[in-house]
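Everything numeric in this text was worked out from a predicted model, so none of it was measured. In each ligand, atom 1 is the first atom listed, and ligand 1 is the first ligand listed. Computed over heavy atoms, backbone and side chain alike; hydrogens, waters and symmetry mates excluded.
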Amino acid sequence: MSPRCAIVGAGLGGFVAYAALRHAGLEPAEIAVLGERPDADPAAAWRVRAAAIRQQRMRSESDGHCAPTSFPGLAVREAVRNGSPGPLLLSACDRYRPSVAEFLNHVDELRDRSGWDESVRQGRIERVAAVAGGFELDGRGPFRHVLVAPGHPGLAVPAKLAGDARTVHAYEPHDYAARVAVVGAGMAAATEWLNALAAGAEVVSVRRREPARRPLNVARPLFSKRGLAGFHATPRAPRAELLRRLGAPSYPPGRSWDAPVERAAREGRFRVTADPGGAEQVICATGFRRGFEHDPLLRRLVGEHGLETEGRWIVLADDSTVPRLTDGTRTLALAGVPAQWAYPAADTLVGMKYVARRFARRVVACPTR
Ligand SMILES: Cc1cc2nc3c(=O)[nH]c(=O)nc-3n(C[C@H](O)[C@H](O)[C@H](O)COP(=O)(O)OP(=O)(O)OC[C@H]3O[C@@H](n4cnc5c(N)ncnc54)[C@H](O)[C@@H]3O)c2cc1C
């Protein structure tokens with residue numbers, strides 16, 4: 001049996017697509033997954049980052065999982081295991097946040113059950129080339145249907161801090177010095193304020209603007225059919241502007257975030273400044289580089305195939321396929337953060353499922369193999 005489709009990138013985005021393809025009836029031998037890491041753990045890249053900021057709970061809710069159907073979510077799973085309705089009650093009012101351990105156990109189980117390891121081959125893909133009958137991936141293939149899920153194109157560090165010996169990125173393993181500056185104001189920064197304060201440090205928060213406070217990383221209406229329809233109907237320039245605004249820092253509201261900071265501020269251990277000053281350690285909670293141009297594979301894809309772009313985004317169809325390279329006989333789709341043009345919250349597990357289901361439908365519907 002030869003592969004009917006390929007996934008480039010063996011992280012969570014690739015894994016979610018794989019689970020959807022298996023659910024649609026494909027066998028492991030029909031799916032080639034190409035990932036650059038030596039291990040096949042789909043959560044490997046994520047695990048390191050979440051561990052670096054000591055993340056305990058997911059920002060996503062019960063439906064933030066990798067399985068192909070939304071139900072049963074992680075709340076049901078936890079409720080059944082513990083014999084308690086608590087998670088379901090919290091989920092009913094959008095207040096359930098699975099623990100990181102719950103999420104990672106689910107990933108491990110689905111990895112075993114789905115046959116993922118049978119399909120993963122190690123290799124960094126440098127070039128996706130449209131050819132007769134589909135796409136070649138560094139000469140492998142052709143594959144009629146390809147989903148590219150390369151994740152974020154590297155960590156972002158402000159230029160003036162890049163060469164500073166005190167600097168560490170929040171997503172790299174680190175401990176806390178006695179006087180810490182945390183640059184940034186999103187979820188990672190807020191997590192790091194609490195971590196450093198809990199470790200007994202004095203914290204300065206270095207920020208250019210006040211963060212928005214919202215539970216999810218994108219406003220809830222943009223996860224809904226109606227909100228998404230409005231987004232898809234938005235002309236290109238304002239759509240890019242909207243995506244830029246959505247990229248501004250935010251973290252959830254709530255006393256568990258505010259109380260430790262307020263207490264530390266009263267004790268003189270937390271303040272907001274515009275500059276790290278004399279801090280012993282500078283933690284850059286400044287996220288990732290942004291835009292397809294920072295990813296060599298996507299940059300080359302755009303350059304060689306003349307793909308349409310708007311600002312830092314590749315222009316995609318509403319189902320996250322690349323219009324110029326997709327028709328009734330073949331599919332090129334993007335997943336994860338490069339799919340924001342089709343789904344603003346593409347870099348969430350729910351967003352990955354949105355893309356995955358549409359990709360699986362196209363693969364199954366395609367008459368030729
Ligand atoms: C700390 C943190 C917490 C998060 N918490 C949540 C949360 O609670 N809920 C939620 O929904 N989302 C969350 N997210 C967002 C999202 O789920 C993650 O960013 C997720 O890791 C994205 O998956 P991905 O597959 O797109 O990227 P990754 O997981 O980074 O995987 C991409 C993979 O592709 C590989 N790759 C890249 N280029 C190539 C190439 N050319 N050839 C072969 N392989 C390649 C990489 O090596 C990597 O293994 C969080 C993100 C972070 C950083």
Side-chain angles (χ1 to χ4, degrees), residues 6-19 32-66 73-74 96-100 102-104 106-107 120-128 137-138 140 146-156 169-173 184 186-192 195 215-218 223 251-252 285-289 292 294-301 320 334-340 343 345-356:
I7 296 171
V8 177
L12 290 174
F15 185 55
V16 168
Y18 185 83
V33 182
L34 299 148
E36 64 184 340
R37 300 181 62 96
D39 59 90
D41 176 7
W46 188 84
R47 226 179 261 276
V48 174
R49 295 163 186 160
I53 59 166
R54 283 99 169 142
Q55 186 171 334
Q56 301 295 322
R57 298 229 156 241
M58 304 297 285
R59 186 169 192 180
S60 45
E61 301 172 347
S62 181
D63 55 358
H65 58 73
C66 303
L74 297 177
Y96 174 72
R97 293 284 178 290
S99 68
V100 165
E102 183 77 39
F103 172 68
L104 289 175
H106 144 76
V107 170
V120 177
R121 297 136 203 220
Q122 195 193 348
R124 180 174 173 83
I125 300 302
E126 307 289 345
R127 183 170 188 234
V128 177
L137 305 174
D138 290 353
R140 302 179 210 214
V146 173
L147 177 127
V148 180
H152 291 269
L155 303 178
H169 195 283
Y171 292 155
E172 292 169 331
M187 177 83 174
T191 308
E192 288 289 58
N195 290 339
L216 303 172
N217 72 341
V218 163
F223 286 90
Y251 67 98
T286 38
F288 299 96
R289 291 195 191 119
F292 74 89
H294 293 290
D295 185 309
L297 180 70
L298 295 179
R299 192 173 58 238
R300 190 167 180 183
L301 178 71
S320 202
L334 303 185
V337 72
Q340 282 177 330
Y343 194 94
D347 184 41
T348 64
L349 294 147
V350 168
M352 292 169 201
K353 269 201 275 275
Y354 171 92
V355 174

Closest non-hydrogen protein atom to [atom], residue and atom name please, with distance?
atom: atom 50 (C) of ligand 1; result: Trp46 NE1, 3.2 Å
atom: atom 17 (O) of ligand 1; result: Met352 CE, 3.6 Å
atom: atom 9 (N) of ligand 1; result: Ser60 OG, 2.7 Å
atom: atom 37 (C) of ligand 1; result: Pro150 O, 3.2 Å
atom: atom 25 (O) of ligand 1; result: Gly13 N, 2.7 Å
atom: atom 3 (C) of ligand 1; result: Gln55 OE1, 3.1 Å
atom: atom 34 (O) of ligand 1; result: Gly9 CA, 3.4 Å
atom: atom 46 (C) of ligand 1; result: Glu36 OE2, 3.3 Å

Where ligand 1 meets [X] - atom numbers and elements under 4.0 angstrom, heavy-atom basis:
X: Ile125; result: 40 (C), 41 (N), 42 (N), 43 (C)
X: Ala149; result: 32 (C), 34 (O)
X: Phe288; result: 53 (C)
X: Leu297; result: 41 (N)
X: Leu34; result: 43 (C), 44 (N)

Polar-atom distance check: [X] versus ligand 1, any N or O pair below 3.5 Å?
X: Asp347; result: yes
X: Leu12; result: yes
X: Pro42; result: no
X: Tyr171; result: no
X: Arg59; result: yes
X: Val337; result: no

Option with minimal heavy-atom separation from atom 30 (O) of ligand 1, where the choices are Arg300, Glu61, His152, Arg49:
Arg49

Taking all atoms of both residues into account, what is the closest heavy-atom pair of [X] and [Y], and its distance?
X: Leu74; Y: Pro98; answer: CD1-CG, 3.6 Å
X: Asp63; Y: Lys353; answer: O-NZ, 3.1 Å
X: Ala149; Y: Gly14; answer: CB-N, 3.8 Å

Are the side chains of [Y] and [X] in contact, using a 4.5 Å heavy-atom criterion?
X: Pro338; Y: Leu298; result: yes
X: Thr348; Y: Ser60; result: no
X: Val120; Y: Tyr18; result: no
X: Arg54; Y: Thr191; result: no
X: Arg97; Y: Glu61; result: yes
X: Met58; Y: Val100; result: yes
X: Val48; Y: Tyr171; result: no
X: Arg124; Y: Pro296; result: yes

Atom 48 (C) of ligand 1 touched by protein heavy atom at under 4.0 Å:
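Given the 4.0 Å cut-off, atom 48 (C) of ligand 1 does not count as touching protein heavy atoms.
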
Once ring-ring contact (aromatic ring centres under 6.0 Å, His included) is applied, what residue pairs with a partner in residues 34-56 remain, sequence neighbours excluded?
Trp46-Phe103

Please assess Asp138 against Arg140 for the test salt bridge (Lys or Arg N to Asp or Glu O under 4.0 Å), listing each intermediate value before the final yes or no.
CA-CA 6 Å; Asp138 290 353; Arg140 302 179 210 214; 5.9 Å; no

How does Arg37 reach ligand 1, if at all, at less than 4.0 Å between non-hydrogen atoms: by side chain, backbone, both, or neither?
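Side chain only.
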
Using heavy atoms and a 4.0 Å limit, tell me yes or no: is Gly123 in contact with ligand 1?
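Per 4.0 Å heavy-atom rule, Gly123 contacts ligand 1.
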
Could I get the full list of ring-ring contact (aromatic ring centres under 6.0 Å, His included) partners for Phe292, not counting sequence neighbours?
none

